There are 2 protein chains.
Amino acid sequence: MDETAPQKGTVTQRAIEQIKGMIAEGRLEPGQRLPTERDLAVQLGISRSSMREAIRALTVLGVLEARHGSGIYVTQLEAGDLLETFGVVADLSRGPRLVELLEVRRILESTATALAAARITPDQLAEVEKHLTAMNATDDPEEILAHDLAFHREIAAAACNDTMAAILEGLSSRTFRARVWRGYQEEGAFARTRREHAAIHRALVARDPEAARAAAAAHVGEVEQWLRAQLGG
Amino acid sequence: MDETAPQKGTVTQRAIEQIKGMIAEGRLEPGQRLPTERDLAVQLGISRSSMREAIRALTVLGVLEARHGSGIYVTQLEAGDLLETFGVVADLSRGPRLVELLEVRRILESTATALAAARITPDQLAEVEKHLTAMNATDDPEEILAHDLAFHREIAAAACNDTMAAILEGLSSRTFRARVWRGYQEEGAFARTRREHAAIHRALVARDPEAARAAAAAHVGEVEQWLRAQLGG
DNA sequence: CCCTGGAGGTGGTCGGACCACTATCGGTCA
DNA sequence: TGACCGATAGTGGTCCGACCACCTCCAGGG
């Protein structure tokens with residue numbers, strides 16, 4: 001019979017699963033501090049090097065947080081923490097997958113905008129308007145892009161679904177949009193973008209979910225169709 | 001002036017970004033083999049330990065793949081590879097976030113099912129039917145769950161959007177559904193689930209996207225509302 | 001020609017050493 | 001008495017060298 005460990009996979013992989021399991025079972029609470037690397041290594045019967053690799057892996061996944069000189073802590077396990085790595089998908093995708101990502105974004109963004117139309121608060125709406133006007137007041141592509149991102153981020157937040165907002169954040173990551181928009185903007189899409197943003201804003205003010213859904217879907221769909229055409233020929 | 005490295009963050013973090021950058025820039029192609037850990041460490045001017053941590057991090061993200069005794073390779077960078085970690089979000093989420101995840105799944109699953117109604121091939125439809133009948137022919141919860149997963153997986157694949165399918169795969173990960181369904185099934189939801197699956201199947205056969213969308217949304221929505229009630233009181 | 005065995009190269013693991021940073025506790029000074 | 005501050009122990013971060021387990025490939029024998 002096997003005694004303690006069935007020796008499946010690398011010791012590091014096993015350590016990752018064990019720590020993940022401890023959190024899933026509730027033995028490690030969000031924000032709680034873990035034992036030191038040295039102690040953890042002893043507890044799991046592995047070397048500190050392997051334990052460090054496991055900790056590093058869970059760190060990039062947004063599950064753990066290492067503070068130099070202080071200790072290792074479990075993150076708050078919020079959607080933003082865990083879905084931060086979602087951005088790498090967008091950053092490393094090319095060709096057809098970019099279209100797929102935009103399709104996913106269109107579906108989620110349109111729904112999120114519809115929800116926002118029903119739930120947005122006056123303060124949030126004012127914030128949306130701030131970015132809308134700021135975006136219309138400049139010609140600097142960098143600044144436009146920044147306010148564009150903030151515009152959609154504020155709307156996503158108003159939808160009251162942090163998970164959805166975090167996914168959309170990854171699908172709109174700066175490097176991702178910069179790559180797609182580099183070409184899109186060159187075709188004089190600024191005016192069109194401003195019109196579409198205005199339409200989304202009108203739907204939010206009117207608290208009309210269906211109009212908001214349509215406006216958001218059309219907005220993302222524009223870019224999606226353009227990109228599809230770029231790849232097709 | 002800074003010469004080579006501005007010393008931002010840990011050396012491991014820097015190595016992760018550099019390798020990721022090499023892939024993003026196309027200097028490393030999917031499937032290509034990387035230099036050895038020892039060589040990479042020398043190239044980036046860090047120790048092998050730190051380099052190993054960086055490689056491990058990129059491995060868990062699904063970007064790299066280490067083959068013992070052979071070398072380190074870039075994955076195909078397909079949606080499945082990169083979104084595998086999406087499952088940990090589902091596994092580590094509790095309480096209100098489970099509802100949020102189900103809401104996201106409802107949105108994506110309904111759209112994917114609608115797309116599938118228009119695009120599914122006879123072979124794929126046959127596969128769907130196979131899991132449908134197999135699911136109805138047994139009372140073993142384990143087997144039902146397995147065929148349930150396969151049922152939706154096949155439909156997602158028929159939607160012709162690998163990225164969406166990969167996300168849905170993560171949102172339906174075995175441990176996630178097992179946790180939610182443990183209680184749901186106890187309330188005699190088997191019959192209802194079978195009815196709903198039958199409705200989805202009818203819509204697929206009829207090639208009716210709107211009916212498929214509604215049936216899928218209702219199906220996921222059922223579980224979502226049940227879970228919402230569980231948490232609410 | 002096929003098969004086999006060994007050698008070299010690769011990732012996987014380990015232990016120890018040292019550095020950089022942080023938190024804490026003690027004493028010192030106003 | 002109180003606030004300030006420096007020493008100190010403990011933490012993660014980095015590096016090194018060694019050895020092990022595994023794969024690949026090719027030379028040599030059948």
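This is a predicted model, so every value here is computed, not measured. Every chain is numbered from 1 and lettered A, B, ... according to where its sequence line falls, protein lines coming before strand lines.
- Thr10(A) has no side-chain polar atom (N or O) that falls below the 4.0 Å cut-off from OP1 or OP2 of dG11(C).
- Residue Ile46(A) is classed as a sugar-phosphate contact, given heavy-atom separations below 4.0 Å to backbone atoms only.
- A donor-acceptor contact closer than 3.5 angstrom links the side chains of His219(B) and His152(B).
- Base engagement by Arg52(B) is indicated by at least one non-hydrogen atom pair under 4.0 Å involving a base atom.
- Residue Ser49(B) is in base contact, counting any heavy-atom pair closer than 4.0 Å across all strands shown.
- Here dG17(D) presents its C1' atom at 15 Å from CD of Glu37(B), a figure rounded to the nearest Å.
- One can place NE2 of His68(B) at 7 Å from P of dC22(D), the figure rounded to the nearest angstrom.
- Taking atom CG of Leu34(A) as the reference point, atom P of dG12(D) lies 9 Å away to the nearest angstrom.
- Tyr73(A) has its OH atom 9 Å from the P atom of dG12(D), to the nearest Å.
- Using a 4.0 Å heavy-atom cutoff across all strands shown, Arg38(A) reaches at least one base atom of the nucleic acid.
- Separation of atoms CZ (Arg52(B)) and OG1 (Thr12(A)) is listed at 6.5 Å; rounding is to 0.5 Å.
- Backbone-only contact: Ile72(B) has heavy atoms under 4.0 Å from sugar-phosphate atoms and none from a base.
- Summarising the geometry, the separation between CD on Glu53(A) and P on dC15(D) is reported as 14 Å, rounded to the nearest angstrom.
- Following rounding to the nearest Å, Leu58(A) (CG) and dG12(D) (P) show an atom-to-atom distance of 14 Å.
- At the phosphate of dC15(D), OP1 or OP2 sits under 4.0 Å from a side-chain N or O atom of Ser47(B).
- Rounded to an integer number of Å, the gap from CG of Leu44(A) to P of dC14(C) is 11 Å.
- Across all their heavy atoms, Leu102(A) and Leu227(A) have their closest contact at CD1-CD2, 3.8 Å.
- Relative to the side chain of Ser70(A), the nucleotides dA23(C), dG12(C), dG12(D) differ in distance, and dA23(C) lies closest.
- Of the listed nucleotides (dT11(D), dG13(D), dT13(C)), dT11(D) has the atom at the smallest distance from the side chain of Thr36(A).
- For the pair Glu65(B) CD and dG12(C) P, the computed distance is 11 Å after rounding to whole Å.
- Side chain Arg48(B) to base dG12(C): a donor-acceptor pair is found below 3.5 Å.
- Side-chain contact, Gln13(A) with Thr10(A): no donor N or O sits under 3.5 Å from an acceptor N or O.
- Atom CG of residue Asp39(A) and atom CG of residue Leu44(A) lie 11.0 Å apart, to the nearest 0.5 angstrom.
- Residue Arg33(A) places no side-chain N or O under 4.0 Å from the OP1 or OP2 atom of dA23(C).
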